[in-house]
4 protein chains.
Amino acid sequence: MSGTRDKILEAADDLFGQVGYDAATTREIAERCQVNKALIHYHFKNKEGLLASVLDRYYEKLAGTLQGALSGQESLRERMLRLVDTYMDFLSENRNFNRIVQREASGGKHMDRISEHMAPLFQLGTALIQGTYPSTRTGEMSATQLLVSFFGMAINYFTYNRLLEQLTGADPLSGDKLDMRKRHLRRMIEILVDVIEEQESQHVS
Amino acid sequence: MSGTRDKILEAADDLFGQVGYDAATTREIAERCQVNKALIHYHFKNKEGLLASVLDRYYEKLAGTLQGALSGQESLRERMLRLVDTYMDFLSENRNFNRIVQREASGGKHMDRISEHMAPLFQLGTALIQGTYPSTRTGEMSATQLLVSFFGMAINYFTYNRLLEQLTGADPLSGDKLDMRKRHLRRMIEILVDVIEEQESQHVS
Amino acid sequence: MSGTRDKILEAADDLFGQVGYDAATTREIAERCQVNKALIHYHFKNKEGLLASVLDRYYEKLAGTLQGALSGQESLRERMLRLVDTYMDFLSENRNFNRIVQREASGGKHMDRISEHMAPLFQLGTALIQGTYPSTRTGEMSATQLLVSFFGMAINYFTYNRLLEQLTGADPLSGDKLDMRKRHLRRMIEILVDVIEEQESQHVS
Amino acid sequence: MSGTRDKILEAADDLFGQVGYDAATTREIAERCQVNKALIHYHFKNKEGLLASVLDRYYEKLAGTLQGALSGQESLRERMLRLVDTYMDFLSENRNFNRIVQREASGGKHMDRISEHMAPLFQLGTALIQGTYPSTRTGEMSATQLLVSFFGMAINYFTYNRLLEQLTGADPLSGDKLDMRKRHLRRMIEILVDVIEEQESQHVS
DNA sequence: GATGAATGAGCGTTCATTCAT
DNA sequence: AATGAATGAACGCTCATTCAT
């Protein structure tokens, strides 16, 4: 049993989340989990491999979580409402995830690795929407445009939580505030699905 | 004449945008603009001071741009439609801006400086919306929630443009694609303002 | 085996002695002992830590040496005569010691560390003298005044040895000249102990 | 009128005294006297030239002071008593002098310059003593030995004033304490001149 | 005399990584 | 699986000094 590997992963996850990949040092990671510095390279080959493992772990968890939310027999509207909740919960419970991904996705050498992880999730989403609503295949309200928007709405609440905290004086990640945000996003879903369904009826005719 | 200062700013802007603040080195910045390494510290005191100057320059430009878009006698709806266009153009013409800000806003030591810059812009936005639509003072469709959402929709298109490129096979930042995104966002504005105005009429009664 | 640590200490000792702490560079220390520059920081954390270790080593040696000289059953006069010899031998055999200490004791950031090392030695000396000759507790011939004087007589011969060399044309640190200096200091001891014992007899009456 | 030159000298004197030649930077010297950094090189050629000027100024002052004390028709004993007072006053009024000299005399590249300054003063002293007391030409109580001793007694009180302050809890450079030290040194003169005069009478016979 | 900009060398320090044990 | 020592490259930064104006 290699509890060491997990301890390193945990520490790296924390430090990457707090200061970013480049500012994080193997020395501090090793110190945080009380492990010899050289062991990081023994277990993960190098610093990049460590980040890859951290990301892999997250996307594995995320894929499972989202799949669970998307499956089922309810209407797409219902499943999307559930998805938003699930995703917000995931971001809330794994705050380092968004911190790491937002940073590395904004350019730099790890951008592609993240793209690779997200592509199948994104494609699953567009396929699902387009399957139900053919009118979303193209145009200004295409599934792609909608997904990017929803993705942005969800993620940015976490990315700029410090700004929001400063502006509102309250912790945006507390249970209350997070619930309000989830209500907002569900409302957005309702509004947009209404719009799409109306557009769909015109599209068919 | 202090063209040197500007040359350094330009180079730093580029490198910060490409690899991030931490991965950027003063040595490479100096090389890129053919300037002595020590001059960076002469003109900006610090690597941190250099980032601060880069950010200041952007937020100065942005504040001017947004103010121009928000002023005028048209309805708020009109002004918001114009604002979205203006903001998207700004992000398109200053692509490093989003790269730098997204990274540094996701935690780390420069988060607060960014918050300080964005706070007044954000407050201006909420004040404007709440002034016209009192029903947006609280609740799931509050001005704050709406602003975070719009901000996220706009920004994320740029943040994940590489993912979109990979998925669609086309450059999301080309004129065509960018116009489509702007149309999407304007449509979102129309939809939401409709919703708010209806909600407003009920709120008054 | 940590011979590396000692090699670094030796080289640092030499260079600090020759050019002073500030003018000494870690790079040259590393070169002198054929050791990787980074190892200095691995073993001593800091350039400051390196100086601290150099000083500690000296004061440890010195404390042992002086304790050996002061112990015994002979009269204080005898022990002081022996002490002077021992101290002069120590300074002669560890010439960098005086060079380093004189420089750093003359103000600057390491002054306090040196004071801390010397304080117990100094206090031991005064206690010993005052114990034997109560009349030296205060006044112009107090133990403190006498110790400072003797300390100065001994040290300055080394500090200004280059001046003396220039004036006399001979090496003041050669065996002959050093012996003469030791005879001078012993004679000073004899003279002053005579004075103190006479003063003591008047003091008692 | 070049008040600038003097302002620089003053600032350099202070900083050299506080942190030493190597740790002092031209930038801080320039800042302290509100003068452009480049002007230091205009007025003093380089940093070494600045130290040379600082030292020259001191030794000029010192030579005048000592000459005044040594001249006169009184006995050598009287003149030496006066000299000790004068010298201690000089050290007290020019505390940076001793700080700078002790540091640079302890090895390093400025040692020789200091030796050159001190040699004539030292030779004057030995000539004077040997002229009056021929028995001090050689031996353990030679004029040279005596001068080194007195020099050391005087100087070391200032060099180790911080240690003394820590040990006694009082400022050794206050008027009271300084007077006591001067009394001690005068007493030492009396004692030693007595010894020499006795030795002299035996030497003649 | 005085200044702001510029320079090249070098500073102490830290990095990810390797290696022998 | 684990460790302490070692490595070479590079880091941000500061230095004394120069130069054109």
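In the text below, chain A, chain B and the rest are named by the order of the sequence lines, each starting its count at 1.
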Basic-acidic side-chain contact under 4.0 Å: Arg99(B), Glu104(B) | no
May I ask you to decide whether Glu48(B) forms a salt bridge with Arg113(B), counting only side-chain N to carboxylate O separations under 4.0 Å?
-> yes
Would you indicate, yes or no, if [N] has its OP1 or OP2 atom less than 4.0 angstrom from a side-chain nitrogen or oxygen of [X]?
X        : N       : answer
His41(C) : dT13(E) : yes
His43(C) : dA6(F)  : yes
Asn36(B) : dA5(E)  : no
Arg27(C) : dG10(E) : no
Asn46(B) : dG12(F) : no
Thr4(D)  : dA2(E)  : yes
Tyr42(B) : dA5(E)  : yes

Which whole-number value in Å describes the distance from [X] [atom1] to [N] [atom2]?
X        : N       : atom1 : atom2 : answer
Leu51(B) : dC13(F) : CG    : P     : 12 Å
Lys47(A) : dT14(E) : NZ    : P     : 15 Å
Asp22(A) : dA16(E) : CG    : P     : 10 Å
Ile40(D) : dA2(E)  : CD1   : C1'   : 13 Å
Ile29(C) : dG10(E) : CD1   : P     : 17 Å

5'-most contact on DNA chain F: Glu48(D) or Gln34(C), nearest heavy atom basis?
-> Gln34(C)
Check the pair Glu28(C) / Lys37(C) against side-chain contact (heavy atoms from CB on, under 4.5 Å), numbers first and verdict last.
-> CA-CA 9 Å; Glu28(C) 181 158 5; Lys37(C) 212 176 17 145; over 6 Å; no
Watson-Crick or G-U counterpart of [N], or none if no pair lies under 3.5 Å:
N       : value
dT13(E) : dA10(F)
dC15(F) : dG8(E)
dA20(E) : dT3(F)

When we call it a touch if two heavy atoms are under 4.0 Å apart, what does Thr25(A) touch: a base, just sugar-phosphate, or nothing?
-> sugar-phosphate
Which part of the nucleic acid, if any, lies within reach of Ala24(B) when heavy atoms closer than 4.0 Å are counted: base, sugar-phosphate only, or nothing?
-> sugar-phosphate
Quick one: which of dC19(F), dA16(E), dG12(E) gets closest to the side chain of Ala38(D)?
-> dC19(F)
hbond_proxy Lys37(C) side chain to dT7(F) base (donor-acceptor, 3.5 Å cutoff) = no
Within the distance-only criterion (no hydrogens, no angle test), does the side chain of Lys47(A) pair as donor or acceptor with the backbone N or O of His41(A) below 3.5 angstrom?
-> no
Take Leu39(B) and Ala23(C), find for each the nucleotide of DNA chain E with the closest heavy atom, and name the residue whose nucleotide sits nearer the 5' end.
-> Leu39(B)
Out of Phe16(A), Tyr58(A), Phe158(A), which one pairs with Phe97(A) under the ring pair (Phe, Tyr, Trp, His ring centres under 6.0 Å) rule?
-> Tyr58(A)
